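Before any comments, here is the structure.
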Amino acid sequence: LLMALTIKPMHPLFVAEVTDLDLREPLSPEIQVQIQDLIDQHGILIFRDQNISDEQQVAFSQYFGEIEMANNKHNITKQENRRLSNMFADISNLNKNNEFHAKESRQRIFNLGNRIWHSDSAFRPNPARYSLLSAREIPSKGGDTQYADMHTPYEQLSPKMKELIADLRCEHSLMYSRTRLGMDQFTDQEKEDFKPVIQPLVRTHPATKRKSLFLASHAGRIVDWPITEAKLLLEELTEIATQREYVYTHQWKRYDLVMWDNRRTMHRATRFEDTKETRDMRRTTLAGDPA
Ligand code: OGA
Ligand code: MN
């Protein structure tokens with residue numbers, strides 16, 4: 001008999017909670033297919049009460065693709081300063097000694113870039129497919145994560161706007177997202193490593209064939225457009241796409257694991273007392289294909 005996973009829809013447009021699954025256990029091929037279908041359909045899956053190790057998180061992630069490795073080219077953290085293995089993006093407020101990042105530390109300020117709407121690794125030639133974020137320790141208040149659906153706002157654009165943006169290509173770079181927040185000092189090496197990559201503004205989901213807006217804080221230019229007009233259009237589309245009806249706010253409980261499809265959603269972190277309370281979140285990321 002085939003076990004069917006049960007789900008609880010969390011938002012009218014996307015997001016489902018998957019109940020009764022222990023991510024520490026190996027997954028049968030049938031369950032793998034069901035999860036794949038669910039993420040294609042809902043874009044975001046929530047798994048509660050998953051007290052998993054790093055190894056178990058990696059093993060679960062690898063059922064759905066190839067891990068995108070952290071490296072110096074895509075972060076300001078030097079290898080010797082990493083707290084976690086290169087299979088993880090460290091989304092915590094901790095340094096390698098498990099102490100809070102100092103208020104003025106460059107790493108902390110760089111990490112604050114997660115608080116503006118983005119899609120993970122849009123600044124890499126192959127932007128991320130899925131991200132899996134595991135809450136190992138959470139603060140007593142704040143630190144929610146907000147998600148925005150990128151299919152419905154695209155579908156609701158006027159025909160004229162759809163025509164205007166159909167073939168536009170954007171430049172994405174970590175420097176664009178950080179410059180927005182006033183971080184503008186980059187070493188020559190960083191300038192080299194963070195060179196912009198080109199991504200389409202409209203993309204089609206390979207499984208559902210639905211189109212979406214591929215926006216992110218990292219998008220700073222539109223190819224062949226004057227900079228001011230480009231920034232205005234990107235601001236306008238981001239404002240449209242992140243209206244309340246398209247947004248789901250996740251209030252974390254310890255040991256939640258949230259898996260999202262970066263090809264059809266954006267997300268952002270929110271405020272908490274990050275120099276006083278621990279928020280230890282660990283992300284595995286699955287590499288995508290060129291958009
Ligand atoms: C991420 C991210 C937001 C948060 O894990 O990619 O942006 O709330 N996280 O920590
Ligand atoms: Mn992110």
Side-chain angles (χ1 to χ4, degrees), residues 15 43-47 50 52 54 57-58 60-61 65 67-71 74-77 82-94 100-101 107-124 126-150 172-174 176-178 180-181 199 214-219 238 241-242 247-275 277-288:
V15 194
I44 300 179
L45 301 180
I46 297 165
F47 303 90
Q50 307 292 336
I52 54 175
D54 286 359
Q57 181 171 343
V58 166
F60 174 69
S61 303
I67 301 258
E68 177 196 276
M69 302 289 282
N71 64 36
H74 300 110
N75 202 291
I76 62 161
T77 311
R82 290 187 56 84
R83 188 178 69 107
L84 305 175
S85 111
N86 284 58
M87 295 189 134
F88 285 82
D90 192 350
I91 312 296
S92 76
N93 55 337
L94 305 171
F100 299 130
H101 289 304
Q107 183 67 63
R108 173 175 180 268
I109 292 167
F110 191 84
N111 291 351
L112 288 174
N114 277 342
R115 295 197 195 172
I116 38 179
W117 288 109
H118 65 281
S119 175
D120 289 331
S121 300
F123 48 82
R124 293 197 189 206
N126 284 6
R129 180 179 303 168
Y130 303 132
S131 293
L132 300 94
L133 187 60
S134 162
R136 307 296 176 85
E137 198 172 334
I138 59 167
S140 63
K141 42 183 187 317
D144 297 348
T145 305
Q146 295 196 300
Y147 295 91
D149 179 35
M150 292 294 111
H172 292 243
S173 165
L174 279 168
Y176 293 146
S177 48
R178 271 51 189 183
R180 263 171 223 270
L181 298 181
Q199 309 287 11
F214 190 20
L215 294 167
S217 53
H218 313 299
T238 303
T242 56
V247 173
Y248 163 77
T249 299
H250 188 70
Q251 293 183 292
W252 292 91
K253 291 201 197 78
R254 191 177 196 191
Y255 302 137
D256 284 354
L257 184 141
V258 179
M259 174 177 183
W260 65 87
D261 188 339
N262 285 291
R263 299 169 299 183
R264 64 162 286 190
T265 58
M266 281 206 290
H267 60 279
R268 66 175 176 186
T270 64
R271 177 182 297 281
F272 74 105
E273 297 236 44
D274 73 285
T275 56
E277 287 198 276
T278 298
R279 185 172 186 266
D280 185 353
M281 315 285 280
R282 302 181 186 199
R283 192 186 86 204
T284 38
T285 315
L286 299 178

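In each ligand, atom 1 is the first atom listed, and ligand 1 is the first ligand listed. Fair warning: this is a prediction, and the values are worked out from it, not measured in the lab.
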Where the side chain of R178 meets the backbone of L181, is there a donor-acceptor pair that is under 3.5 Å apart?
no
For ligand 1, is there an atom lying under 4.0 Å from some heavy atom of Y147?
no
Which residue and non-hydrogen atom of the protein lie closest to atom 9 (N) of ligand 1, and at what distance in Å?
I91 CG2, 3.8 Å
Does N126 use its side chain to pair, donor to acceptor, with the backbone of G288 at less than 3.5 Å?
yes
Between the Mn ion (ligand 2) and H118, which N, O or S atom of the residue is the nearest one?
NE2
Near R254 CZ, under 6.0 Å, is it more than 12 heavy atoms from other residues, nucleotides or ligands?
yes
Less than 3.5 Å between some nitrogen or oxygen of R283 and one of ligand 1, yes or no?
yes
If you measure every N/O of T145 against every N/O of ligand 1, is any gap under 3.5 Å?
yes
What atoms of ligand 1 come within less than 4.0 Å of a heavy atom belonging to H118?
7 (O)
If you scan protein heavy atoms around atom 3 (C) of ligand 1, the nearest is A269 CB, 3.6 Å
Any sub-3.5 Å donor-acceptor pair from E277's side-chain atoms to F272's backbone N or O?
no
For W117, which part has a heavy atom under 4.0 Å from ligand 1: side chain, backbone, both, or neither?
neither
Which single N/O/S atom of D120 lies at minimum distance from the Mn ion (ligand 2)?
OD1
Can you list the ligand 1 atoms lying under 4.0 Å from a non-hydrogen atom of D120?
6 (O)
Classify the side-chain pair Q146/T270 by whether it contains a donor and acceptor separated by less than 3.5 Å.
no
Hey, which atoms in ligand 1 end up nearer than 4.0 Å to a heavy atom of N114?
7 (O)
Among non-hydrogen protein atoms, atom 10 (O) of ligand 1 lies closest to R279 NH1, 2.8 Å
Just jot down the ligand 1 atoms closer than 4.0 angstrom to any heavy atom of L133, in number order.
5 (O), 9 (N)
Are D90 and R82 ion-paired here, with the side-chain N under 4.0 Å from a carboxylate O?
no
Looking at M281, H267, Q146, M266, the heavy atom closest to atom 2 (C) of ligand 1 belongs to H267
So among R283, R83, R136, which one has a salt bridge (Lys or Arg N to Asp or Glu O under 4.0 Å) with D54?
R136
Hey, is the main chain of S121 close enough, under 3.5 Å, to the side chain of E68 for a donor-acceptor pair?
no
Under 3.5 Å donor-acceptor, Q199 side chain and R124 backbone
yes
